[in-house]
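Working notes, structure below.
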Amino acid sequence: MIISRVYECDVLVVGAGPAGVCAAISAARNGMNVILTEQGGFSGGMATRGLVGPFMTCYDAKGEKMIIRGLFEEIVDRMVKCGFAIHPSEVRAGTAFTSWIKVGHDHVTPFEAEGLKLVLDEMLYEAGVTVLYHTTFTEPVLSGNTVIGAMFVSKSGLEQINSKVIIDCTGDGDVATRSGAEFEMGNEELGLIQPATMFFHISNVDTDVVEADIQANIDNFYRRDGVNYRSLHWRVTEARNAGDWTLDRVSIGLFRMPKKDEWCINTSRIMKVDSTDNRSLTHAEIEGRKQADEIMRFFRKYVPGCADARLKATASHVGIRESRHIKGDYRLTADDLLSAKVPHDSIFVAANSVDVHGRFGPKSNEYIPINGDYYGVPYRSLVPMGLDGILVAGRCLSADSTAAGAVRVMPPCMAMGQAAGTAAALAVKNGVTVRNCDITELREKLTSDGAYLG
């Protein structure tokens, strides 16, 4: 097949999700010629295509200090200014914005996906990033063990992009894996992958009535046999007893959005989804929409205040929590997080709790807070073993399955992306490989660009 176009750039970012947009913007702001590719038609990844929300906490474990900052904070501030988000400083745990969850949910960020699309397009344009939507990665271009470019297919045909550094922000580690990187798939010890969820948004809800029903029953929230009985579990039981509920779920994850009548629903659960296999993804999305329809009918029939609720949208891509964990120069572990370790090469700090779904069956959820104010994520976890010229950022970083259950959420992924983009720029400027990027210089640059490193 004839190559229709060949591009040259300093830094190529593959995947325009939360990590990818931050990687591209940070590299461009640091003087690089950057190309960002995305197989869809807009940026944001799970935050827009997946309708995942809200952004989980960006504060320390005490809920006192915002610690995930930098580009994440800038994106949030822009959305707040435009009326697309509520600042995390104004959102406290145990409220409708957190689905009345208290532990680990203080200071989340409710936002509108359509507004995020606009803000990200604007920031990418301002930074001078060349954005190529509708452009799908196919295979890397290698020189020995160094990744020097990648091949893509688009409406224009086969295209080649040559670069000095590639940042894999595909979520599944597609570029790194096809370049020969080793990986773990989910939790290989247990043979499990966290379940997928078809997120959807609803509108025209009488929110005051919904909140009144939950407040009247909030003292009846409890946990038993690894299963949380929380919001509307009494309504789910009623529907199940009437034969109107077939899902293997016991309560509803519903998060109020910036507009009072709109809610983000995180309830459907599809087990054993392999997001690196198109057949498995197809099944997940068909099943997810089917579950969303059943949940929507449940809302209208059983939930006070939702009789006239409307389905605003189901996600255009099923929500993926876990797939490949690339084997990097350092494997982040659950012990690192839970004991609040801050390595010397930390590129951001976070306090997000370990959040593992489905480990003890489809109804279960394992949620483990850290023992300290925050932990650090090392730069080495972004560097695939045995490869040069490439970094990974996002949920596919080098981590065990349990640790990844904490840092897979969007604020940490954005911080990872900013760090990867900055490191790529410094490596190109200094004429070194990304593996040999000067950590002191990287941390100083991240700090000067607004990141908080402890």
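One is the number of the first residue; the rest follow in order along the sequence. Only a predicted model underlies this, so the values are computations on that prediction, with no experimental measurement involved.
- For residues 187-218, no residue pair satisfies the ring pair (Phe, Tyr, Trp, His ring centres under 6.0 Å) rule, not counting sequence neighbours.
- Between the side chain of T197 and the backbone N or O of S268 there is at least one donor-acceptor pair closer than 3.5 Å.
- Ion pairing between a basic and an acidic side chain is recognised when a charged N comes within 4.0 Å of a carboxylate O; D274 and R279 show no such pairing.
- Between R78 and E74, at least one side-chain nitrogen of the basic residue sits less than 4.0 Å from a carboxylate oxygen of the acidic one, meeting the salt-bridge criterion.
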Could you give me the CA-CA distance, side-chain angles and deciding distance for R5 and E159, then say whether salt bridge (charged side-chain N to carboxylate O under 4.0 Å, His left out) is met?
-> CA-CA 5 Å; R5 290 177 182 154; E159 302 183 336; 3.2 Å; yes

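- Using cut-offs of 30° and 60° for the angle between ring planes, the H233 and Y222 rings count as perpendicular.
- Without hydrogens or angle criteria, Y302 side chain to R297 main chain gives no donor-acceptor distance under 3.5 Å.
- For D308, the CG atom sits in a loose shell: 12 or fewer heavy atoms of surrounding residues, nucleotides or ligands are nearer than 6.0 Å.
- With hydrogens and angles ignored, the 3.5 Å screen pairs no side-chain donor or acceptor of T57 with any backbone N or O of H105.
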Could you walk me through whether W100 and R230 pass the side chain to side chain contact (heavy atoms under 4.5 Å, CB included) test, one step at a time?
-> CA-CA 8 Å; W100 292 271; R230 289 196 291 236; over 6 Å; no

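- Residue F152 forms a side chain to side chain contact (heavy atoms under 4.5 Å, CB included) with just one option from L158, T37, L132, and that option is T37.
- Using a 3.5 Å distance cut-off with no hydrogens or angles, the side chains of T177 and D174 do not pair a donor with an acceptor.
- With D168 contributing its side chain and V175 its backbone, the two residues share a donor-acceptor pair below 3.5 Å.
- The structure places CG of N365 at 5.5 Å from CG of N228, a figure rounded to the nearest 0.5 Å.
- R321 has no carboxylate O lying under 4.0 Å from a charged side-chain N of D355, or vice versa, which leaves the two without a salt bridge.
- One finds the NZ atom of K312 at 5.5 Å from the CD atom of E112 (value rounded to the nearest 0.5 Å).
- Residues I370 and A350 share a closest heavy-atom pair of CD1-O, 4.5 Å.
- Between the CD1 atom in I326 and the CG atom in D172 there is a gap of 9.0 Å [rounded to 0.5 Å].
- A salt bridge does not link K62 to D60: none of the charged nitrogens lies less than 4.0 Å from a carboxylate oxygen.
- Between the S163 side chain and the V11 main chain, no donor and acceptor come within less than 3.5 Å of each other.
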Apply the test side chain to side chain donor-acceptor pair (under 3.5 Å) to residues D121 and Y133: give CA-CA distance (whole Å), side-chain angles for both, the deciding distance (0.1 Å), then the verdict.
-> CA-CA 11 Å; D121 280 342; Y133 292 141; 2.7 Å; yes

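- The salt bridge (Lys or Arg N to Asp or Glu O under 4.0 Å) check on E211 picks up nothing, with sequence neighbours excluded.
- How far CE of M271 is from CG of L192: 7.0 Å, rounded to the nearest 0.5 Å.
- Contact detail for S251 and V236: the closest heavy-atom pair is CA-CG2, 4.1 Å.
- Tested against F111 for a ring pair (Phe, Tyr, Trp, His ring centres under 6.0 Å), the candidates F97, F255, F55 yield a single pass: F55.
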Could you please spell out the steps behind the salt bridge (charged side-chain N to carboxylate O under 4.0 Å, His left out) verdict for K81 and D77?
-> CA-CA 6 Å; K81 185 177 180 180; D77 286 346; over 6 Å; no

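- Within a 6.0 Å radius of CG in N241, other residues, nucleotides and ligands contribute more than 12 heavy atoms.
- Taking D400 as the reference, nothing meets the salt bridge (Lys or Arg N to Asp or Glu O under 4.0 Å) condition, with sequence neighbours excluded.
- Of all heavy-atom pairs spanning I347 and Y379, the tightest one is CG2-CB, 3.7 Å.
- Distance check: D336 CG to T402 OG1 gives 12.0 Å after rounding to the nearest 0.5 Å.
- Relative to the ring axis of F298, R235 does not place its NZ or CZ within 45° and under 6.0 Å from the centre.
- A distance of 12.5 Å separates CE of M416 from CE of M410, quoted to the nearest 0.5 Å.
- Under a 3.5 Å cut-off, the side chain of T237 and the backbone N or O of W234 do not form any donor-acceptor pair.
- E38 places a side-chain N or O within 3.5 Å of a backbone atom of A16 that can act as its donor or acceptor partner.
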